[in-house]
J.: 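Input: one structure, supplied below.
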2 protein chains.
Amino acid sequence: MIRITRETDYGIVLMTTMARDANPPYSAAALAKQRGLPLPMVSKILKALARAGLLLSQRGALGGYSLARRPEAISAADIIDALEGPIAITECSVADLHACLHEENCAVSGHWHQINSVIRAALKGVNLLDLSRPPAAPVAFWRQRAAAEPVHLVNNS
Amino acid sequence: MIRITRETDYGIVLMTTMARDANPPYSAAALAKQRGLPLPMVSKILKALARAGLLLSQRGALGGYSLARRPEAISAADIIDALEGPIAITECSVADLHACLHEENCAVSGHWHQINSVIRAALKGVNLLDLSRPPAAPVAFWRQRAAAEPVHLVNNS
DNA sequence: ATCAATTGGTACTGGATTGGTACTATTTGG
DNA sequence: CCAAATAGTACCAATCCAGTACCAATTGAT
């Protein structure tokens, strides 16, 4: 299954939360409580988002985080990049091409780059404003890993 | 980083290998040797692909695997589905929506489905024939996890 | 000035996932 | 009837990830 980490998942939830009601700054504690997420995680994620320039941070009492740009100017790709590094579907989509150990055997070559580009385009096409406004048919979002038996995934092909 | 497992990566290499020179059937051992991959892994992957209907298996002496359909009729999405279950970028893209533990907190909702669809479309648009024919500028493919220091990924945005 | 709230940074840990192996059963051509 | 090959299952070790803990730095309020 192609997937992003839960950290990124949380990150998007936090960003959308901040985008929805504009009343900055938001402390990590407030956001954690509002969304029911573990505070240390939230803190860690916000820090990363601030370092990436997506959030502005204000230290000290009454401090907190606020969006660095308008929601329309922040894409899903931005958030994912900030939290897990640039998007790449396989490890071979790297700059350092000659480090590949299977180089002489590998003939699949550059097509993954093409796929990566399309995926990136898709993610860049979705911005925070879109994400913070519920679509026509709102649905549940995550499911905890706790799910004991194999989750039956939907094949929306 | 959005990613697929190495198993899937191997699977695509194996499929492209079989698509390139049509001389079936291929034994797991022959494919493993040709690509320099560990035989047990190759065997496991081929089994999964056969179970998914992408390969035909022939038991016994002189047996092996062969493509079940023409290369043009097998997409990257097919292979990924076969090896890691249906594609979903987050765990919430599941059918069983009401199982979501954060239901009342989650407002990001259905947009990921949209993104998933686009990604699926991208992967369905690439077939085995494409993948088995090197593109204009062939490049190396994987890099072993061994890479000690943080890989500097290319941000092809 | 001092305190308390808040971000910043780093290091650690338990558990899940993944990559890979081993062993045995089954099928089938020679 | 043997050897080659797939089929199935169980297992192990290394890695990665989610989450925690701790302390330093900053800053508004009193």
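Chain A is the first sequence line, chain B the second, and so forth, proteins listed ahead of strands; every chain is numbered from 1. For clarity, every value in this text was computed on a predicted model and none was experimentally measured.
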J.: Looking at dG20(C), I'd like to know if its phosphate oxygens (OP1 or OP2) sit under 4.0 Å from a side-chain N or O belonging to Arg6(B).
T.: yes

J.: Counting just side-chain N and O atoms, does Tyr10(A) come under 4.0 Å of either OP1 or OP2 of dG19(D)?
T.: yes

J.: Would you call Arg120(A)-Asp81(A) a salt bridge at under 4.0 Å N-O?
T.: yes

J.: Indicate the atoms forming the closest heavy-atom contact of Leu83(A) with Glu7(A), along with that distance.
T.: CD1-O, 3.8 Å

J.: Check side-chain hydrogen bond (donor to acceptor under 3.5 Å, both in side chains) between Glu72(B) and all other residues, then give those that pass, not counting sequence neighbours.
T.: Arg70(B)

J.: Measure the CD1-CD1 distance between Ile74(B) and Ile79(B) for me, rounded to the nearest 0.5 Å.
T.: 6.5 Å

J.: Pick the closest DNA chain D nucleotide for Gln58(A) and for Glu7(A) by heavy atoms, then say which residue is nearer the 5' end.
T.: Glu7(A)

J.: When you match Leu62(A) and Pro38(A) each to their closest nucleotide on DNA chain D, which lands nearer the 5' end?
T.: Pro38(A)

J.: What nucleotide, of dA18(D), dG8(C), dA4(D), holds the atom closest to the side chain of Ala61(B)?
T.: dA4(D)

J.: Under 4.0 Å from any atom of DNA chain D, heavy atoms only: list the residues of residues 42-57 of chain B that qualify, in numerical order.
T.: Lys47(B), Ser57(B)

J.: Quick check for you: among dT7(C), dG19(C), dT20(D), whose closest atom lies nearest to any side-chain atom of Met41(A)?
T.: dT20(D)

J.: Please report the interatomic distance OG1(Thr5(A)) to CD1(Ile80(A)), rounded to the nearest 0.5 Å.
T.: 9.0 Å

J.: Within the modelled atom types, does a donor on one side and an acceptor on the other bring the side chain of Arg59(B) and the base of dT26(C) under 3.5 Å apart?
T.: yes

J.: List the atom pairs, donor and acceptor, that lie under 3.5 Å between side-chain atoms in residues 37-63 of chain B and the rest of the protein, sequence neighbours left out.
T.:
none

J.: Roughly how many Å is it from CG in Leu83(A) to C1' in dC17(D), rounded to a whole number?
T.: 14 Å

J.: Heavy atoms under 4.0 Å, any strand shown: does Ala29(B) hit a base, just sugar-phosphate, or nothing?
T.: nothing

